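A quick write-up on the structure given underneath.
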Amino acid sequence: MKKIAQVIVNIPTRNIDKAFSYIIPDHYAYIDIGWRVIVPFGQRTVEGFIINISDISERDETALKPITDILDDFAWFGNHMLKTAEWLAEYYLTSLAESYRMFIPGKAGVKTQELYKIADSVSEVQLAELKEASKDNDNKDNFKIIEHIYKKGPLKLSELRKEFRHTISDSSLEDIIKSLLRQKILCKHSKIYKSGLPRLTTVYSLAVDAATAINTINATSKRKPAQLRLIEELLKYNSLDSSQLRQLSITLDTVKRLVKLGLIHTKQVQIIRDSYADREFSAPKLKPTQDQEQVLGQIIPAILEKKFKSFLLRGVTGSGKTQVYIEAVRTARNLGRQAIVLVPEIALTSQIVSRFKAAFNNDVVVIHSRLSLGERYDAWQRLRCNQAGIVIGARSAIFTPADNLGLIVIDEEHEFTYKQEEAPRYHAKEVALTRAKFSEAVVILGSATPSVETYFQALQGEHSLVCLTRRIDSVPLPPVTVVDMRNELAQGRRGVISPAMQDMLSETFSKGEQAVILLNRRGYSTFIMCRECGHVIKCHHCDIAMVYHAANTSLRCHYCQERQAIPDCCPVCGSRYIRYFGTGTQKVEETLTQLFPQAKIARMDQDTTSGKTSHEKILSDFAKGSYDILLGTQMVAKGHDIKNVTAVGIISADTALNLPDFRAAERTFSLITQAAGRAGRGNRPGKVVLQTYNPEHFGILSASTHDYETFFRSEIKLREQLDYPPFTQLINICVLSKDNTEADSQAKAIVAELKCTLRGLNHTSIIGPFPAPISKKKDVYRINILLKTRQLSEVRNRLSELKLHTRKGIIIDVDPLNVL
DNA sequence: AGCACGCCGACT
DNA sequence: GTCGGCGTGCTC
């Protein structure tokens, strides 16, 4: 009896949001839920994922198309992966295809190639007629193309372009092809092939024993030195692949002759593509400290139990959270279960990677954005087939197809990079918790400064709270000196670097130690303003001030990368008094060079880290002592553990404090704490100087005393008063349009719809519409509508019925992290 | 997303 | 009268 498969077609569109039914043909009767298949869809052939199987009815037999092919020879999606994908689509209001697709490498498992061929209906006679017609006609080109395709068979557009590049222009070639398609002389023929297939290589080995082989070769009349040498090498190495043969300078021809004689076996073996495989990793193997043992004493039994449980591991900076992760992972691996370790950004956390590689060698697979599709496919396949058991990667690694998941670690749980800012707008922590529930795994959320939401959940008992309160070897946290920049100004000191910070730096250098300086702004000056009329120079395409970059003396927009020349006078009032305001990393670099001419400065921000490994290069050079100062944006505050860093300077702690975002205080607190935590991780005490215009702000105060608890208590009160998360949940609906008034009217219409749909729901409010804080980005106007609710699932259900997410020009962000 | 179907303006 | 614009709707 034939079966019907419910298939999600992998097409990147928001308005198909359901499964389609296909007949499973007899020769694929064995395929099941979770398999990736190829199906006909409209005129095309696309990839699909089977999410259900049911019995056939008589009506189906004729109405449905059959599955054409399969992509793998196993079910790609395990059961809990399917459930997680389903949850993802529902929770974040995205299409099913978009959601399931997260679990495959790349966007699609198949690629299509459009070829042009002569339509089947065109006969020889017709061709002859066309040839005749082209003689006295001025469209000779048409026939030239037809003739060429007739001779060569189906061709790609690019091949046709190449052939006629001297005689027919590209645009007229396309026009001719269009018209031939219309006349049904040509037709499209799409070739579909699977992408991301395993790469195979042929391996050769002896098929008979050595004596037989040598005798057989010698039995032929002539001397065969090359063949004999091949046998010799095969005896030595057992088997050889083509690259080894090349190294031994044995030609493929020699091998083929022996294969023909039946003396050598060939075998296809998969090779793992990994351009990073031969990098060396070294890290000390450490024994857990007493504190770590105590924490592990709570985590390990949970892992052994093979039941879902989540932990919040709050450990001060430098307390050795990584060691806890390693031991927890070891426990899961000993049970034969797999582990996913998420880090905020793989480039900034090479130290964690080294530690894991040193502890687990090839059992670790590192996923990062630089991997090619093939490499990613192989990495995932190794986990899929249980050849490796540990994956380390940034947020998307949460979708690794590990079927036997026992542990998920999220390091620096509070980091905003765990939220994806494009569809599906998921938060890796939510996905991790859901995935872990479905697969009965343990989750460890680690941070020195947990997000307010997570800590609140832990206090409510949703996560078990475990703490590391002391740094390794009980090194004290560095004392923080707060410099009130208003006082500095009052005393006539207008420099970017206060005397206190200057003193700290010179003392540090005199001892041969290193400093990290954090400034949350790149560029030279952050904005340019006319002193007479107050006009600020903004980007033409975005509603944001242009930033002056000294390197190429131009103004740049940090949102769309557009450049502008620096005007001589104000474009509004014509005044020549225009001034640069604010301070960026470039300006600080300049100031530091003046103050400390002998100091070597490494600047690390988006402008200096464009290359692939430039992050790591700068960090490792700094760690080696090639620089005295590491100056940069927030990326200098994270992850690294360099013993010789004893001083940390925070130039302006409040830049993030004044953003129109209810999480501004939290961001500021955690950034300062993380930055301060870079100081004094070795055996020498550290020191921090913090410059601010808001020294009395509770976020700054508690950060300066490394006091998370106090910060949390103040912040949670504010959140409760203002009814913000974690007391409510938010959904942001952003209306996009190139036309401002259109965006406005659409937003108003949506608010009206929402009011109607959400009528009668308690603890639910609609805020807005209001222009997004950055109201224009790349020429697109953005208007926000914010929903605040204590009944997220009900609101989500009703939104889902409205089908808002299938409309174009609307972005729905569930649990948004910023509404900028 | 593609691609067909379908309804209105500018041309041989 | 036709060709061709792209607005709407469907794809098992």
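Throughout, a chain's letter reflects where its sequence line sits, starting with A, and its residues are numbered from 1. What you see is a predicted model; the values in this text were computed from it and never measured.
Comparing B:dG2, C:dT11, B:dA4 by their nearest atom to the side chain of A:Gln43 picks out B:dA4. Candidate nucleotides B:dG2, C:dC12, C:dT11 were compared by shortest atom distance to the side chain of A:Arg44, and B:dG2 ranks first.
Computed from coordinates, the A:Ile16 CD1 to B:dA1 C1' distance equals 7 Å when rounded to whole Å. Spacing between atom CD1 of A:Ile56 and atom C1' of C:dC12 amounts to 12 Å, rounded to whole angstrom units. Distance A:Ile11 CD1 to C:dT11 P: 12 Å, rounded to the nearest Å. To the nearest angstrom, C1' of C:dT11 lies 8 Å from NZ of A:Lys18. What separates NZ of A:Lys111 from P of B:dA1 is a distance of 19 Å, to the nearest Å. When rounded to the nearest whole Å, the span between CG of A:Asn10 and P of C:dC12 equals 16 Å. Between A:Arg807 atom CZ and C:dT8 atom P there is a gap of 14 Å when expressed in whole angstrom units. Between the CZ atom of A:Arg14 and the P atom of C:dT11 there is a distance of 21 Å, given to the nearest Å.
Using cut-offs of 30° and 60° on the angle between ring planes, the pair A:Trp87 and A:Tyr92 is perpendicular. Note: A:Tyr30 and A:Tyr28 have perpendicular aromatic rings, judged against thresholds of 30 and 60 degrees for the angle between ring planes.
In this structure, A:Phe41 reaches the bases: a heavy-atom distance under 4.0 Å links it to at least one base atom across the strands shown. Contact annotation for A:Ile4: no contact, since no heavy-atom pair falls under 4.0 Å across all strands. The residue A:Lys808 sits apart from the nucleic acid: no heavy atom pair falls under 4.0 Å.
For the side-chain contact (heavy atoms from CB on, under 4.5 Å) with A:Ile408, the qualifying choice from A:Thr400, A:Val431, A:Val341, A:Ile398 is A:Ile398, the only one to do so.
Dashed line: the shortest gap from a side-chain N or O of A:Ser21 to OP1 or OP2 of C:dC12 is not under 4.0 Å.
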Full working for side chain to side chain contact (heavy atoms under 4.5 Å, CB included) between A:Met102 and A:Leu88:
CA-CA 10 Å; A:Met102 297 308 293; A:Leu88 190 71; 4.0 Å; yes
Step by step, would you call A:Lys738 with A:Asp779 a salt bridge (Lys or Arg N to Asp or Glu O under 4.0 Å)?
CA-CA 6 Å; A:Lys738 292 229 171 202; A:Asp779 288 323; 5.3 Å; no
